[in-house]
S.K.: 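My questions will all concern the structure given below.
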2 protein chains.
Amino acid sequence: MKAEKISEVTTNRLSVYLRCLSELAAEGERTVSSGTLEKRFNLNSAQIRKDLANFGEFGVRGVGYYVESLRGQLAGILGLDKEHRVCIIGAGRLGTALADYQGFKMSNFEVVALFDADKTKIGKKVGKVKIFDIKNFAGVVKRDNIKVAIIAVPGESAQKVLEQVTAAGIKAVLNFAPVPLRVLDGVKLNTIDLTTSLESLSCFLAGSNGKNLKPISKNGRK
Amino acid sequence: MKAEKISEVTTNRLSVYLRCLSELAAEGERTVSSGTLEKRFNLNSAQIRKDLANFGEFGVRGVGYYVESLRGQLAGILGLDKEHRVCIIGAGRLGTALADYQGFKMSNFEVVALFDADKTKIGKKVGKVKIFDIKNFAGVVKRDNIKVAIIAVPGESAQKVLEQVTAAGIKAVLNFAPVPLRVLDGVKLNTIDLTTSLESLSCFLAGSNGKNLKPISKNGRK
DNA sequence: ACCTGTGAAATCGTTCACAGCA
DNA sequence: TGCTGTGAACGATTTCACAGGT
């Protein structure tokens, strides 16, 4: 094992492996080999082994991996053994839908606050989560020990909100605004860009990815 | 220009460039250089030029790119000049939130149907979009000329739904279920995996990515 | 026989650096 | 001079293939 930088694609796969293991555990499997994972979940077995080997020697030659044990290791590596307190900025459609999304529990995330600038929303609740004034952001973050922020505001305000978030000392941010954001060193920003995902489908349907590209000749304005 | 396979990361960036250009156009800029885009939106100028050069010679040496003209080219490449009719499968929280998400318009996507298996939901409407019985999937898809499907069902049913979707002839699918899915050749599947995005943040906070990895010694069971 | 862990090879993607055109 | 388009260098990631443990 090496003590080097692990790439993001690698850790993202760990997350996938963990879910596969949970499924196997639910079915009562005690051990699993990388080959079985390859066939069953169409992953690449060499890649699975390489990924895991970054963090230790979890497997047993001739046998495979012990499902429960590996599950625990992956949960630890991914930091899912501690609760993460999360806030959501933007109490619009997306923000409120996220606020009572049930899937957070699985990863030990707890949404504890919503923020908005709209006076008519402040003080209301979405499920159990109260909507606070964005002006009180830093105070609530400190008081409630919030470590993760989700940005669910329109693109125009995203950069400003991000700066507010990092100024309050938050180091992990999930962004849904479809704009390029600048972030300070030491802060982790993940963007989920629905627009790009959609346009990627559109591009596929238009055939612009595949082979046959028409040599669009010359630039527009002469 | 070459007539080769364009990678997904490349086309995803086109989508970003297009949004940057729209912003510049709104500000009245007539031309822009890759260097300006680099500084302003923190992109890499060489990469921008390479990406664009895959599709033609859009720039003018000594000048840069004509904003409006390039915008049109990119919209064409991404297939945004034609309307795409979309359905959403799963009328739960996520599905309904997506059904009246306003951002689809920007990319010329139109949500025309929701599907669910829950009898109590069928026939109701979310905004202007009617909820149909999933049993009538293929029929509605054909009748309404639907070309794109969004899967917003729980992980357990996602694979089955995907098979139904492809059986109905749909070739472009956006999936929100956090499970590995198998897809036929010729079908484009994009997955937006909220769980992985979150766990990536958690992993960062746990410090498992960075350098200092403890040499977790041996496999679990003895 | 089976399966992991891992160098080496192959592939893919990004950045550099500059020739050449406006 | 300013900027594009692009080969070449570099770096990262994936896959291969096999030595070695059980």
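Computation of the quantities below employed the complete heavy-atom set of this structure, encompassing side-chain atoms and omitting hydrogens, waters and symmetry-equivalent molecules.
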S.K.: Would you kindly give the CZ-to-P distance between Arg49(B) and dG7(D), to the nearest whole Å?
M.R.: 14 Å
S.K.: Whole Å only: how far is the CG atom of Leu52(A) from the C1' atom of dT6(C)?
M.R.: 14 Å
S.K.: Within the structure shown, what part of the strands sits under 4.0 Å from Ser34(B) by heavy-atom distance: base, sugar-phosphate, or nothing?
M.R.: sugar-phosphate
S.K.: Can you check whether Cys20(B) reaches Leu37(B) side chain to side chain, under 4.5 Å on heavy atoms?
M.R.: yes
S.K.: How long is the line joining CG of Leu43(B) and P of dT15(C), in whole Å?
M.R.: 11 Å
S.K.: Name the closest nucleotide to the Arg61(A) side chain, picking from dT15(C), dA19(D), dT14(D).
M.R.: dA19(D)
S.K.: Decide yes or no, distance alone: a donor-acceptor N/O pair under 3.5 angstrom between the base of dT13(D) and the side-chain of Lys50(A).
M.R.: no
S.K.: Nearest whole Å is fine: how far is dT15(D) C1' from Ile48(A) CD1?
M.R.: 13 Å
S.K.: Distance check: side-chain N/O of Asn44(B) vs OP1/OP2 of dT15(C), anything under 4.0 Å?
M.R.: yes
S.K.: To the nearest Å, give me how far apart OH (Tyr17(B)) and C1' (dT4(D)) are.
M.R.: 14 Å
S.K.: Report yes if at least one side-chain N or O of Arg13(B) is closer than 4.0 Å to OP1 or OP2 of dT14(C); otherwise report no.
M.R.: yes
S.K.: Side chain of Arg19(A), backbone of Pro178(B): donor and acceptor closer than 3.5 Å?
M.R.: yes
S.K.: Take the protein atom CD of Gln47(B) and the nucleotide atom P of dA17(C), then report the distance between them rounded to whole Å.
M.R.: 17 Å
S.K.: Check whether any side-chain nitrogen or oxygen of Ser7(A) sits under 4.0 Å from OP1 or OP2 of dA12(D), and answer yes or no.
M.R.: no
S.K.: For a 4.5 angstrom cut-off between non-hydrogen side-chain atoms, does Tyr66(A) reach Val32(A)?
M.R.: no
S.K.: Quick check: on DNA chain D, is the nucleotide nearest Glu8(A) upstream (toward 5') of the one nearest Gly62(A), or the reverse? Name the residue that is more 5'.
M.R.: Glu8(A)
S.K.: Roughly how far apart are Thr11(A) OG1 and Asn54(A) CG, rounded to 0.5 Å?
M.R.: 10.0 Å
S.K.: Ignoring backbone atoms, test whether Tyr66(A) places a side-chain nitrogen or oxygen under 4.0 Å from the OP1 or OP2 oxygen of dC3(C).
M.R.: no
S.K.: I need the CG-P distance between Asn209(A) and dG13(C), as an integer number of Å.
M.R.: 13 Å
S.K.: Quickly work out the Phe58(B) CZ to dA22(C) P distance and round it to whole Å.
M.R.: 18 Å
S.K.: When the side chains of residues 160-174 of chain A are checked against the rest of the protein, which donor-acceptor pairs come out under 3.5 Å, sequence neighbours left out?
M.R.:
unit_1	atom_1	unit_2	atom_2	d
Glu163(A)	OE2	Gln159(A)	NE2	2.8
Thr166(A)	OG1	Leu162(A)	O	3.2
Thr166(A)	OG1	Glu163(A)	O	3.1

